[in-house]
Amino acid sequence: MDGVSPVVEKIINFEKEHNMTDSDLAFASHISVEHIHAMKAGIGKVDQEVLNDLLKFLAEN
């Protein structure tokens, strides 16, 4: 995926592999869908703790 950050690529690939929407991922990871949308869109600032929690979830599942 050209021009996509590694975090966004991980999110997209995880959602594809598990047939999930952003809402499904938010529910499963306990990360708000607004944070997931912000990360994917590259807008706003996401707290490092939230990002770390999401990356940990993606790695463990």
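Just the heavy atoms: all of them, side chains too, but no hydrogens, waters or symmetry mates, feed the values below.
- Hydrophobic clustering, defined by side-chain heavy atoms of Ile, Leu, Val, Met, Phe, Trp and Tyr closer than 4.5 Å, groups L25 together with V7, I11, F14, M20, I31, I36, M39, V46, V50, L51, L54, L55, F57, L58.
- Judged as a side chain to side chain donor-acceptor pair (under 3.5 Å), the pairs with a partner in residues 49-61 (not counting sequence neighbours) are, in order, Q48-N52.
- With sequence neighbours excluded, the residues satisfying salt bridge (charged side-chain N to carboxylate O under 4.0 Å, His left out) with K40 are E15, D22.
- Within the structure, no pair that satisfies the salt bridge (Lys or Arg N to Asp or Glu O under 4.0 Å) test touches residues 24-38, not counting sequence neighbours.
- The nearest pair of heavy atoms linking S32 to A26 is C-CB, 4.0 Å.
- Sorted by first then second residue, the ring-ring contact (aromatic ring centres under 6.0 Å, His included) pairs that include residues 24-50, not counting sequence neighbours, number zero.
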